[in-house]
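Presented below is the structure to which this report refers.
For ligands, and for the atoms within them, numbers begin at 1 and follow the listed sequence. Because only heavy atoms are used, hydrogens play no part in the values below, and waters and symmetry mates are left out as well, while side chains stay in. None of the values given here were measured: they were computed from a predicted structure.
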Amino acid sequence: MNLIFLGPPGAGKGTLAAKAVDILKLPHISTGAIFRAAMAEGTPLGLKAKAIMEAGQLVDDETTIGLVKDRLAQDDVGGGYILDGFPRTIPQAEALAAFSKVQKVVNFDIPDETVLERLGGRRVCRKCGHNFHVIFDKPKTEGVCDHCGGEVYTRDDDKAEAIQKRLEVYRAQTAPLIDFYRAQGIMVDVDARPPVDQVVENFKKALGV
Ligand code: AP5
């Protein structure tokens, strides 16, 4: 199944994707994670994306579309994929339709106040990318990832100003995708407000798995 996870920053897309990988046996492809890995490695892509991401803006469509097209051509996506954070603009969605057939779009439904609470407390493993939260999902040892022992840090784009900007960018450029995909009849809505285990149940019910 070719799946898209759509929703505002901090809706829990990455957290649910980590669970959905086991449920659906599909690879999780996160454009944000690809950009962060490139930044950590100091590649030309990472250098280009760094300032843009820290300001809460979007990387340009041409770069992002090219990156996803290459990723979807790899062997592990033959049986489908979970695309998290792409598309984020109408031109990205139109480009994707030309090289891959999306079967379902999962819309993470969540109010702004919950987003702010989640992003304000998010911590991430620098090594494996696992998401933690200072209240809802603390690592057993502060600053250390439970899964790989990596350093747990605060993302640069989780600072207050960048969060506000990301929400503005989401409303202006990404939210129009809700109508775009709903009109195609492939959208399912998931209530993303409850605790993670309940969101997993909501997701399974919405997809009928
Ligand atoms: P990206 O990494 O995609 O960021 P995002 O969409 O802003 O999403 P987040 O990772 O912030 O949130 P999430 O929904 O995954 O929530 P999470 O599971 O972490 O993109 C980053 C940047 O890269 C963009 O701003 C842009 O610059 C660039 N970029 C990426 N894709 C691009 C594209 N297509 N085009 C152009 N530029 C692009 O959860 C958040 C927190 O809440 C965590 O702490 C988690 O533990 C906690 N939590 C999650 N679920 C629950 C729950 N149910 N209950 C309680 N706590 C929960």
Side-chain angles (χ1 to χ4, degrees), residues 4-21 28-39 45-46 48-69 71-72 82-93 95-96 106-111 113-125 129-139 145-146 152-159 161-175 177 190-203:
I4 287 176
F5 280 8
L6 184 65
K13 304 180 296 293
T15 301
L16 185 68
K19 308 270 182 193
V21 161
H28 171 208
I29 300 169
S30 157
T31 41
I34 294 171
F35 289 135
R36 279 186 291 281
M39 274 162 57
L45 175 67
K48 183 176 181 177
K50 190 174 188 312
I52 299 170
M53 288 175 69
E54 285 175 6
Q57 303 279 4
L58 296 183
V59 178
D60 66 278
D61 284 341
E62 193 186 346
T63 302
T64 313
I65 291 164
L67 183 148
V68 172
K69 193 172 181 187
R71 180 64 186 87
L72 294 191
I82 300 167
L83 207 40
D84 162 13
F86 183 95
R88 249 179 163 96
T89 64
I90 297 282
Q92 289 183 10
L96 176 64
V106 180
N107 179 40
F108 285 67
D109 204 4
I110 192 157
E113 60 267 26
T114 312
V115 159
L116 294 173
E117 184 182 38
R118 287 189 185 171
L119 290 181
R122 174 166 57 189
R123 301 292 180 269
V124 182
C125 174
H130 188 88
N131 286 317
F132 294 93
H133 192 279
V134 292
I135 297 168
F136 307 122
D137 185 12
K138 286 187 200 176
C145 178
D146 296 349
V152 172
Y153 79 115
T154 304
R155 272 171 47 174
D156 286 329
D157 59 352
D158 280 348
K159 306 212 165 104
E161 261 180 44
I163 290 174
Q164 284 302 341
K165 188 71 209 171
R166 286 160 67 204
L167 277 171
E168 279 169 32
V169 168
Y170 169 78
R171 284 189 205 105
Q173 299 195 52
T174 308
L177 291 172
V190 167
D191 180 1
R193 289 170 301 173
V196 176
D197 289 349
Q198 183 58 50
V199 177
V200 171
E201 291 310 313
N202 295 348
F203 168 76

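Note that CZ of Arg122 and OG1 of Thr15 are 8.0 Å apart. Values are rounded to the nearest 0.5 Å. Going from atom CG of Asp191 over to atom CD1 of Ile110 covers 8.0 Å, rounded to the nearest 0.5 Å. Rounded to the nearest 0.5 angstrom, Arg36 CZ and Met39 CE are separated by 8.0 Å.
Surrounding CZ of Arg155 are more than 12 heavy atoms belonging to other residues, nucleotides or ligands, all under 6.0 Å away. Residue-environment remark: CD (Glu161) stays at or below the threshold of 12 foreign heavy atoms within 6.0 Å.
Considering only residues two or more places apart in sequence or on other chains, Phe108 meets the ring pair (Phe, Tyr, Trp, His ring centres under 6.0 Å) condition with Phe5.
Within 4.0 Å of ligand 1, contacts by protein heavy atoms are made from Pro8, Pro9, Gly10, Ala11, Gly12, Lys13, Gly14, Thr15, Thr31, Gly32, Phe35, Arg36, Met53, Gln57, Leu58, Val59, Thr64, Gly85, Phe86, Arg88, Gln92, Arg118, Leu119, Arg122, Asn131, Phe132, His133, Phe136, Arg155, Asp157, Arg166, Pro194, Pro195, Val196, Val199.
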